[in-house]
There are 2 protein chains.
Amino acid sequence: MTTITTFDRSAGIAVWRQIMETLKAEIVSGAFEKDRRLPPESELAARFGVNRHTVRRAIAALTSEGILRADQGRGTFVASAPLSYPIGPRTRFSEIVSGQDRSPSGRLIGSEIEEADALLAHQLDVPLGTPLLRVATLRVADSVPMIVGTSWFEQARVPNFVADYAESGSITAALKKAGIDDYRRKETRITAELVEARDARQLGLALGQPVLVVESLNLDMAGRPIQYTRARLAADRMQLVVDGGGV
Amino acid sequence: MTTITTFDRSAGIAVWRQIMETLKAEIVSGAFEKDRRLPPESELAARFGVNRHTVRRAIAALTSEGILRADQGRGTFVASAPLSYPIGPRTRFSEIVSGQDRSPSGRLIGSEIEEADALLAHQLDVPLGTPLLRVATLRVADSVPMIVGTSWFEQARVPNFVADYAESGSITAALKKAGIDDYRRKETRITAELVEARDARQLGLALGQPVLVVESLNLDMAGRPIQYTRARLAADRMQLVVDGGGV
DNA sequence: ATCGATTTGTGCGTATGTATC
DNA sequence: TGATACATACGCACAAATCGA
């Protein structure tokens with residue numbers, strides 16, 4: 001591998017950060033899995049063709065994210081491996097996480113009434129300006145934040161949602177209390193973006209990190225949209241797994 | 001929406017680039033429909049709390065990517081919408097692209113023999129150091145590069161692959177010539193990374209942009225791995241669509 | 001046809017951050 | 001550690017194009 005990469009100094013991204021990303025991609029794809037040890041800083045500096053200070057700054061940033069661990073005198077080691085997230089019609093975060101020997105938790109981090117903008121009006125099939133309930137959740141595995149999710153519902157259809165959700169901790173249960181007994185997923189759209197400032201704080205990511213964005217729309221049994229969700233996944237800590245699908 | 005976002009000035013990412021990403025995310029998620037006007041620079045500058053020059057630089061970068069188009073005196077407009085890529089067992093890039101009124105093309109951008117490292121040996125279930133054929137392809141829609149793909153095969157099983165592929169332009173056809181009549185997808189793993197320097201050149205992306213990484217493994221009918229593929233998709237130009245799946 | 005308001009395009013001076021040597 | 005080169009961000013001013021009254 002040991003490719004010598006040159007860095008773009010006018011791309012709006014500091015060189016130390018470009019090095020940080022390169023290292024992170026290699027870590028996630030398992031390049032240092034043998035002994036989980038990184039090459040010494042001097043070697044990395046030579047490989048990237050930069051000053052050793054610059055490499056140190058990249059390593060410091062990865063350390064503060066918990067991805068690397070630097071031991072005095074011994075070297076720098078990979079600290080964490082990514083979580084697999086199978087994507088399907090009936091997946092539950094809690095089951096996925098437990099199945100991989102980690103302990104899940106989740107909590108409500110905010111809810112608010114807002115008016116439907118063009119995008120939400122279109123997705124939920126309501127007139128512009130319709131009052132919507134926005135619910136934000138944070139899901140955590142082994143006390144490491146994994147997913148920030150924002151869901152929108154037509155407010156009139158789920159009048160007591162927040163209390164019901166807080167009580168049960170389950171969206172399904174809260175919808176049931178609102179008379180929506182069953183629902184199904186229409187489709188899911190996946191893309192990648194750079195993390196926004198607020199999500200970066202919630203997920204404990206540095207700015208400029210990529211997130212997987214998963215947008216999904218749930219319909220009730222009559223085919224009417226009830227819930228539009230936009231989830232942001234810390235890409236360095238998760239992989240989506242689709243059975244059979246491919247590009 | 002009109003959220004006032006503050007930007008981190010010590011994250012190693014230029015503010016203009018953070019604004020560029022914010023705008024791009026809003027465009028991709030459909031906040032401004034196609035041929036729709038963006039708010040004026042002065043308004044965006046106020047919203048982001050920065051100088052107008054800084055907003056202009058973000059807009060300039062998006063313009064050079066073909067995402068925006070600015071007309072003096074009139075305003076700034078969205079120039080292109082992202083391509084939807086349904087992910088499933090039987091999807092072909094060419095059909096997807098044609099189905100969205102764009103014209104697809106693809107070409108071989110490199111092939112090489114290399115020895116299996118730990119990751120590839122595990123995926124293809126061969127001993128470490130086994131000679132592998134690595135094939136790199138670039139797929140393009142309307143002359144805009146979309147996907148860089150790298151596939152690995154056990155070299156001994158596909159002795160004349162490169163010539164066969166160059167002749168037919170189809171991996172399926174080239175595998176057939178090697179006696180592999182049919183194959184099926186085992187699973188697909190999706191994650192997001194920041195683009196590498198080489199892929200950035202191929203895809204015409206700026207460094208620091210996120211890419212969707214789709215890794216998939218094909219098995220022959222006996223269940224033996226034959227092809228491991230790692231595709232990098234320009235995230236600002238594509239969305240993966242999974243039917244029914246969700247998070 | 002003209003004017004004024006709006007919006008993008010351009011220039012310059014200054015201060016600060018980044019990376020090298 | 002300083003000195004140097006360059007990119008980044010700001011502030012202000014003004015030119016050029018567009019549009020509607």
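A, B, ... follow the sequence lines: proteins, then strands. Residue 1 opens every chain.
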J.: Heavy atoms from C-beta onward define the side chain here; which of D/dT8, C/dT10, C/dA19 lies closest to that of B/R56?
T.: C/dT10
J.: Can you name the residues that form a side chain to side chain contact (heavy atoms under 4.5 Å, CB included) with B/L62, not counting sequence neighbours?
T.: B/M20, B/L23, B/K24, B/I67, B/L68
J.: Base, sugar-phosphate, or nothing for B/S42, non-hydrogen atoms under 4.0 angstrom?
T.: nothing
J.: Could I get the full list of side chain to side chain contact (heavy atoms under 4.5 Å, CB included) partners for B/R134, not counting sequence neighbours?
T.: B/E112, B/E114, B/T150, B/W152
J.: List in chain and number order the residues that pass side chain to side chain contact (heavy atoms under 4.5 Å, CB included) with A/E115, two or more places apart in sequence or in another chain; answer none if no residue qualifies.
T.: none
J.: Could you tell me if the side chain of B/R237 sits less than 4.5 Å from the side chain of B/L203, heavy atoms only?
T.: yes
J.: So, OP1 or OP2 of D/dG11: does either fall under 4.0 Å of a side-chain N or O from B/N51?
T.: yes
J.: Quick one: list whatever passes side-chain hydrogen bond (donor to acceptor under 3.5 Å, both in side chains) with A/R189, sequence neighbours left out.
T.: A/E187, B/S84, B/Q239
J.: Does C/dT18 have OP1 or OP2 sitting under 4.0 Å from an N or O in the side chain of A/T54?
T.: no
J.: Output the single nucleotide from D/dA9, C/dT20, C/dT7 whose closest atom is nearest the side chain of B/P40.
T.: C/dT7
J.: Residues in salt bridge (Lys or Arg N to Asp or Glu O under 4.0 Å) with B/D71, at least two apart?
T.: B/R69, B/R74
J.: Give the angle between the helix axes at the two ends of the helix from C/dT2-D/dA21 to C/dC21-D/dG2, taking five base pairs at each end and rounding to 10°.
T.: 20°
J.: Please report the shortest heavy-atom distance between A/A116 and A/P127, naming the atom on each side.
T.: CB-O, 4.1 Å
J.: Which letter, B, S or -, goes with each nucleotide of nucleotides 14-21 of chain D from 5' to 3', with contact meaning a protein heavy atom under 4.0 Å?
T.: --BBSS--
J.: Residues two or more places apart in sequence or in another chain: which of them pass side chain to side chain contact (heavy atoms under 4.5 Å, CB included) with B/A45?
T.: B/R52, B/V55
J.: Would you please name every residue forming a side-chain hydrogen bond (donor to acceptor under 3.5 Å, both in side chains) with A/Q227, sequence neighbours left out?
T.: A/S151, A/N218, A/T229
J.: Summarise protein proximity over nucleotides 1-6 of chain D in one line of letters, 5' to 3': B for base, S for sugar-phosphate only, - for none, counting protein heavy atoms closer than 4.0 Å.
T.: ------
J.: Nearest 0.5 Å, what's the CG-OG1 distance between A/D125 and A/T130?
T.: 10.0 Å
J.: Using the side-chain heavy atoms of B/V50, tell me which of these nucleotides is nearest: D/dC10, C/dA19, D/dT8.
T.: D/dC10
J.: Do B/I59 and B/I19 have side chains that get closer than 4.5 Å, going by heavy atoms?
T.: no
